[in-house]
Amino acid sequence: MRKITQSNLEAAFAGESQAHMKYLIFATQAEREYPNLARLYRAIAFAEQVHATNHFRVLGHIGSAAENAQTAIEGETFEVEEMYPAYYEVAKLQEEKNAQRTTNWALEAEKGHAVLYGSALESVKKGKDPAFGTIHVCMICGYTVDGEAPDECPVCRAKKDKFKAF
Ligand code: FE2
Ligand code: FE2
Ligand code: FE2
């Protein structure tokens, strides 16, 4: 692909991805008072996902199951080893308490994501679907665990009822 087209599609993918997430967050916010508005946000969030997927495919970023798991591991590992430690230190330096908390929570949760994708990759390499149980995610910090939710989230201390099951 020509270079400018490639960087344009990368930028479009990033923008569509952000719009998708933004609209889902807005939908959750609107849900109680404005259910039809919430529905519109969810519908358009899905449309943006379609756009993001189309660009992503044209960019050639969709691989085999093993390649995709490898890509996922690399993304999570980058966040754990470089991105969030650096962001956290800057937030600390600037005494931005809320940013310190959210970057630290994300950093801790991403460690688990990298591990889970690692075990998934091992399985996929053998052509087997990974044998996960119910996966639980802390709705407060994003800590993710395979199997039963803990009584207290090890990252943010939220109680068991704050875990969402997948
Ligand atoms: Fe779009
Ligand atoms: Fe993650
Ligand atoms: Fe948590």
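Residue indices begin at 1 and follow the sequence shown.
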(message) If the test is side-chain hydrogen bond (donor to acceptor under 3.5 Å, both in side chains), which one of H113, K164, E110, H136 qualifies with T144?
(response)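 Looking at H113, K164, E110, H136, the match for T144 under the side-chain hydrogen bond (donor to acceptor under 3.5 Å, both in side chains) is H113.
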(request) Test H61 against every option in E67, H55, E10 by the side-chain hydrogen bond (donor to acceptor under 3.5 Å, both in side chains) rule and name the one that passes. (result)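 The option that passes is E10.
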Are [X] and [Y] packed together at the side-chain level, in the sense that at least one heavy-atom pair is separated by less than 4.5 angstrom?
X	Y	result
E79	L107	no
K97	R101	no
F132	L116	yes
C138	W105	no
E48	H51	yes
I135	V145	no
Y143	C156	no
R42	E31	yes

For [X], I'd like to know if atom [atom1] has over 12 heavy atoms of other residues, nucleotides or ligands within 6.0 Å.
X	atom1	result
F163	CZ	yes
Q29	CD	no
F46	CZ	no

(request) Name the orientation class of the two ring planes belonging to Y87 and Y84 (parallel below 30°, tilted from 30 to 60°, perpendicular beyond 60°). (result)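 Rings of Y87 and Y84: perpendicular, as their planes differ by over 60°.
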Would you say [Y] ends up clustered with [X] if hydrophobic residues are merged whenever their side chains have heavy atoms under 4.5 Å apart, either directly or through other cluster members?
X	Y	result
Y117	V115	no
Y41	M21	no
F56	L9	no
I44	V50	no

From [X] [atom1] over to [Y] [atom2], what is the distance, rounded to the nearest 0.5 angstrom?
X	Y	atom1	atom2	value
K126	L121	NZ	CG	10.0 Å
K162	R157	NZ	CZ	15.5 Å
Q94	E89	CD	CD	12.0 Å
L59	N54	CG	CG	11.0 Å

Considering all heavy atoms of both residues, which atom of [X] and which atom of [Y] are nearest to each other, and what is their separation?
X	Y	result
T77	A114	OG1-CB, 4.1 Å
T134	A165	CG2-CB, 3.7 Å
G63	N68	N-OD1, 2.8 Å
A65	V124	CB-CG1, 3.6 Å
C141	A109	O-CB, 3.9 Å

(request) Using a strict cut-off of less than 4.0 Å between a Lys/Arg side-chain nitrogen and an Asp/Glu carboxylate oxygen, indicate whether K160 and E148 qualify as a salt bridge. (result)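 Salt bridge: yes.
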(message) Whether K111 and E108 form a salt bridge (side-chain N of Lys/Arg under 4.0 Å from carboxylate O of Asp/Glu) is what I want to check.
(response)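 Yes, this pair counts.
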(request) Could you walk me through whether Q100 and E96 pass the side-chain hydrogen bond (donor to acceptor under 3.5 Å, both in side chains) test, one step at a time? (result) CA-CA 6 Å; Q100 278 179 61; E96 294 282 2; over 6 Å; no
(request) Look at the side chain of S123 and the backbone N and O of A120, then say whether any donor-acceptor pair between them is shorter than 3.5 Å. (result)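 Judged by distance alone, no pair lies under 3.5 Å.
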(message) Closer than 3.5 angstrom, by distance alone: can the side chain of T5 be matched with the main-chain N or O of M1 as a donor-acceptor pair?
(response)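 Checking the backbone N and O of M1 against the side chain of T5, no donor-acceptor pair under 3.5 Å is found.
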(request) Report the residues that fulfil side chain to side chain donor-acceptor pair (under 3.5 Å) with H20, sequence neighbours left out, ordered by chain and then residue number. (result)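 With sequence neighbours excluded, H20 shows a side chain to side chain donor-acceptor pair (under 3.5 Å) to no residue whatsoever.
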